[in-house]
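Residue numbering restarts at 1 for every chain, and letters A, B, ... go by the order of the sequence lines. Worth knowing before you read on, the calculation uses all heavy atoms, side chains too, and leaves out hydrogens, waters and symmetry mates.
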2 protein chains.
Amino acid sequence: MSPDAPTTPRARARAAFRADLLAAARARIAAEGAAQLSLRALARDLGVASSAVYRYVESRDALLTLLIVEAYDEVADACERALAHAAARSATPGQTWLAVGRALRSWAVEHRHSYELIYGTPVPGYAAPRDTIAHATRVWAALATPLVDAHARGELGPSPADGRSDGLVAPLAIELARSLPGAGGPATAQAGSSEQVAALVVRSCTLFEALLGAVAAELFGHLTNVAADPARAFDITLASVAAGVGLRVELEG
Amino acid sequence: MSPDAPTTPRARARAAFRADLLAAARARIAAEGAAQLSLRALARDLGVASSAVYRYVESRDALLTLLIVEAYDEVADACERALAHAAARSATPGQTWLAVGRALRSWAVEHRHSYELIYGTPVPGYAAPRDTIAHATRVWAALATPLVDAHARGELGPSPADGRSDGLVAPLAIELARSLPGAGGPATAQAGSSEQVAALVVRSCTLFEALLGAVAAELFGHLTNVAADPARAFDITLASVAAGVGLRVELEG
DNA sequence: TCGGAAGCGTGAGCGGTGCTCTCGAATGAG
DNA sequence: CTCATTCGAGAGCACCGCTCACGCTTCCGA
């Protein structure tokens, strides 16, 4: 687990308390949301003076950063599990996209406040440290995999993005996309010109945005009194936006 | 303007102070965001004791509600202006959708914190009063207009939503959609069976969610280091999701 | 082995928040 | 002109993030 197991009693106690602190924070966020998270309340939960908390965490924002990274990893794990499961079933790219999207939605519904933490309104004076972006990228990579896979198979249909993607994507992002491991094997996406990669990145961003929008709309209540069956409506939305970027999704039923 | 102009000096002063209070709140929200809004700070801005503010506004949440309604109306106005302008140019439904989407994005970029207020993470213990939903509906209606228009013209292409929309939309929402004024004339959407209306509502929700997702992703920094030209990327996203629901968008260039 | 250094928890304290209440002054209706 | 209503001020309560000096405990190195 940990890179180095603490040996001295003091270090052991420190690690244990820190773990308790994080657990308490997770619990409070799950119960009340990140905005309500108070270090004083956490201190009370742990039966300790409020100032003692600052021995273990630099500030409230630092604690939130830790939990943000955890949340990114959790949702990325969920998406990658869905990806692996779909691959094991030899699912089509369309089915895989549906599975990944559903996984993200399920996680969001189940961990509503964690979802808000990472994809909701940014905390007021808070700027995401560099640490977080690597974890955030994992999610995007998982979402993009079905698209890249379909492209590799030559199954990708036309899209309004065709021929309009040059210069749209930052070079750094293209570099990053190239370095991603493909779904069907090692580095499927490496093949292709910069323009092809850019076109895929643009398409994947559209998918990413639409997916987050659909989840956010449902979670934040913009669909209450409209959608009678949110889960099915979500599937249709997934299929529709996929169709818009040339990815065919076969909806059963 | 006001339904009844205040005659007595006291009522006049009261209305004036209340207006000043709202103006100050708007300014602070634009500058620092809704989460930072503090009634004490507002009181300081106006040179008054903090308790005095409570003579004019029930609570912080009540003040936020007022500003939320205002924000909905602002963005709805912007969208409807874009709609009217497009109609005056005899724009195609696709061009109109692009114009409305751009209008919403522009407003969001320009009034970032107001956008967060209405479409971002809901305020912790805050539940939107009934008053707000009517105003929120205006925005959705504007966004749906190009779609309904295309349907009325018989220009709507196929979509994964086809034949899967029955039972997905709450009856109340169908009723509401039926009562909306159409774009090209009075109540275009009234024609059609419940199933046809439901299919349009499902499509419009997909558009709505994708649009909000695209704006949120850009505003909240999920595309930094990815999109080199956010405005153009946004257009392509709009066109892509529109294609997914059968609405053809002609992108120039 | 033992002394000093480092780590730790406590409690007071600063400035901030939302909100309530009382009190005296200003106001306006009858 | 009188008196009820309205208003602003200020104190106060409970909460927040965060800092700091203090004394106790633990550990490391000589």
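- Remark: B:His113 engages B:Ile29, B:Glu116 in a side chain to side chain contact (heavy atoms under 4.5 Å, CB included) (not counting sequence neighbours).
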Below 3.5 Å between N/O atoms, which protein atoms pair up with nucleotides 8-15 of chain D? Just atom names and distances, please.
{"from": "D:dG8", "atom 1": "OP1", "to": "B:Tyr56", "atom 2": "OH", "distance (Å)": "2.7"}
{"from": "D:dG8", "atom 1": "OP2", "to": "B:Tyr56", "atom 2": "OH", "distance (Å)": "3.2"}
{"from": "D:dG8", "atom 1": "N7", "to": "B:Arg55", "atom 2": "NE", "distance (Å)": "3.2"}
{"from": "D:dG8", "atom 1": "N7", "to": "B:Arg55", "atom 2": "NH2", "distance (Å)": "3.2"}
{"from": "D:dG8", "atom 1": "O6", "to": "B:Arg55", "atom 2": "NH2", "distance (Å)": "2.5"}
{"from": "D:dA9", "atom 1": "OP2", "to": "B:Ala49", "atom 2": "N", "distance (Å)": "2.6"}
{"from": "D:dA9", "atom 1": "N7", "to": "B:Ser51", "atom 2": "OG", "distance (Å)": "3.1"}
{"from": "D:dG10", "atom 1": "N7", "to": "B:Ser51", "atom 2": "OG", "distance (Å)": "3.3"}
{"from": "D:dG10", "atom 1": "O6", "to": "B:Ser51", "atom 2": "OG", "distance (Å)": "2.5"}
{"from": "D:dG12", "atom 1": "O6", "to": "B:Arg40", "atom 2": "NH2", "distance (Å)": "3.4"}

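- When each of B:Thr65, B:Leu37, B:Leu42 is tested with B:Arg60 by the rule side chain to side chain contact (heavy atoms under 4.5 Å, CB included), just one qualifies, namely B:Leu37.
- Annotation: ring pair (Phe, Tyr, Trp, His ring centres under 6.0 Å) contacts of B:His111 (sequence neighbours excluded): B:Trp107.
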List the atom pairs, with distances to 0.1 Å, where a side-chain N or O of residues 47-56 of chain B and a protein N or O form a donor-acceptor pair under 3.5 Å, not counting sequence neighbours.
none

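- Among residues two or more places apart in sequence or in another chain, the side chain to side chain contact (heavy atoms under 4.5 Å, CB included) test is passed with A:Arg105 by A:Val109, A:Val215, A:Glu218, A:Pro230, A:Ala231, A:Phe234.
- As a whole-Å value, the separation of B:Arg18 CZ from D:dC7 P is 12 Å.
- With a cutoff of under 4.0 Å to any heavy atom of chain A, the contacted region of DNA chain C is bounded 5' to 3' by C:dG7 to C:dG13.
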Identify each atom pair where a protein N or O and an N or O of nucleotides 24-27 of chain D are less than 3.5 Å apart, giving names and distance.
{"from": "D:dT25", "atom 1": "O2", "to": "A:Arg10", "atom 2": "NH2", "distance (Å)": "3.4"}
{"from": "D:dT26", "atom 1": "O2", "to": "A:Arg10", "atom 2": "NH1", "distance (Å)": "3.3"}
{"from": "D:dC27", "atom 1": "OP1", "to": "A:Arg10", "atom 2": "N", "distance (Å)": "3.1"}

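- By the side chain to side chain contact (heavy atoms under 4.5 Å, CB included) test, B:Ala76 is found to be paired with B:Arg138, B:Val139, residues two or more places apart in sequence or in another chain being considered.
- Remark: B:Arg40 engages no residue in a side chain to side chain donor-acceptor pair (under 3.5 Å) (not counting sequence neighbours).
- Applying the side chain to side chain donor-acceptor pair (under 3.5 Å) rule to B:Asp20 yields no partners; only residues at least two apart in sequence or on another chain are considered.
- Taking only side-chain nitrogens and oxygens, B:Arg14 never comes nearer than 4.0 Å to OP1 or OP2 of D:dT6.
- For residues 41-51 of chain B, every residue pair satisfying the salt bridge (Lys or Arg N to Asp or Glu O under 4.0 Å) rule, not counting sequence neighbours, is listed here: B:Arg28-B:Asp45.
- A:Glu70 pairs by the salt bridge (Lys or Arg N to Asp or Glu O under 4.0 Å) definition with A:Arg26, not counting sequence neighbours.
- Across all strands, B:Leu46 comes closer than 4.0 Å to no nucleic acid atom at all (heavy-atom distances).
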